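Inspection log for the structure reproduced underneath, given as structure tokens.
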Amino acid sequence: MRRNFHRWVAHPTFATNILAKKRRAVDQLSAEVGMPEGHTIHRAAKRHAELLAGVSVHTESPQGRFVEGAAALDGRRLLEVDAHGKHLFYRFEDALVLHVHLGLFGRFAIFTKDAPEPRGALRLRMQGGGATVDLRGPTACELMDDDEEMRLLARLGPDPLRADADPEQAWRRIHQSRRAIGALLMDQSVMAGVGNVYRAEALHVERIHPEREGRSLTKVEFDLLWQTISTMLRDGMRAGRIITVTAEDAGKPRSRLKRGERTYVYKQSACRSCGGQVTAWDMAGRRAWACTSCQD
Ligand SMILES: [Zn+2]
């Protein structure tokens with residue numbers, strides 16, 4: 001049954017346990033240790049919709065922590081799966097919405113043939129059309145009504161992966177803020193979906209130091225930063241992993257980049273564009289990286 005396990009897993013620790021024999025697949029995931037960023041969530045939404053949308057879904061909570069919610073959804077047709085930043089919304093018939101946020105430890109597993117017997121802390125199992133989606137360890141797994149969903153969405157900034165994103169909304173917040181741009185990018189109410197890796201990489205590509213105040217950015221700098229973040233997230237969504245280094249800078253095709261070669265400054269000691277020293281420090285509880293010569 002394990003051979004049917006796909007790489008649609010948001011957390012590498014889980015992958016390490018399940019895919020002990022598939023080291024290569026694990027390697028591809030391990031660049032993304034930590035909270036999944038928006039590209040992983042959008043990719044999950046797309047994949048889950050491909051598998052389950054349009055069919056009646058059997059839902060259960062083997063772990064017992066989402067029994068009532070699973071019972072309410074059980075047997076209903078899933079209409080669509082939507083992502084906004086790091087949040088997932090599964091819309092079922094009869095206006096039922098399942099909200100999922102993976103947080104740091106949540107992860108999905110997909111089985112397209114026989115699913116294993118449920119065991120351990122399996123919060124939610126969704127089955128339909130021959131596919132199984134398992135959810136473990138999420139920060140949020142709850143039913144929401146329209147009002148609750150609207151309130152949640154109102155708290156989120158624009159998501160560069162969404163067609164309806166309005167970058168001006170993020171610009172207004174950043175333009176008025178004395179907070180560091182590195183902290184602002186990670187604030188989901190300013191911009192939704194950016195995590196630690198893309199923060200480090202996008203700021204590096206735009207030569208902006210993470211500690212610069214938001215209000216010090218020019219509109220042109222912000223526009224380019226938004227563009228870079230959007231492109232990086234889209235790339236990540238397509239590839240299923242984070243590669244920010246261009247083939248030109250790497251001197252070889254991006255597909256041949258090994259772990260540790262895929263980022264410019266994130267978890268690097270020397271900058272992969274200029275060779276300069278990379279410094280790392282704590283910023284709002286997460287590690288920040290910057291090149292001492294490219295970024296000021
Ligand atoms: Zn550099």
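Counting starts at 1 for both ligands and their atoms, in listed order. For clarity, every value in this text was computed on a predicted model and none was experimentally measured. For the numbers below, each heavy atom of this structure counts, side chains included, while hydrogens, waters and symmetry mates do not.
Counting heavy-atom neighbours within 6.0 Å of K219 NZ, excluding the residue itself, gives a total above 12. Counting heavy atoms of neighbouring residues, nucleotides and ligands inside a 6.0 Å radius, atom NE2 of H175 does not exceed 12 of them.
In this model, no donor atom of one side chain and acceptor atom of the other lie less than 3.5 Å apart for H204 and T244. Between the side chains of R173 and S189, a donor-acceptor pair is found at a separation under 3.5 Å. For the residue pair E142 and H99, a side-chain donor N or O sits within less than 3.5 Å of a side-chain acceptor on the partner.
With respect to I243, the side chain to side chain contact (heavy atoms under 4.5 Å, CB included) criterion is satisfied by exactly one of M232, R254, E261, E201: R254.
Counting only protein N, O or S atoms, the number found under 2.8 Å from the Zn ion (ligand 1) is 4.
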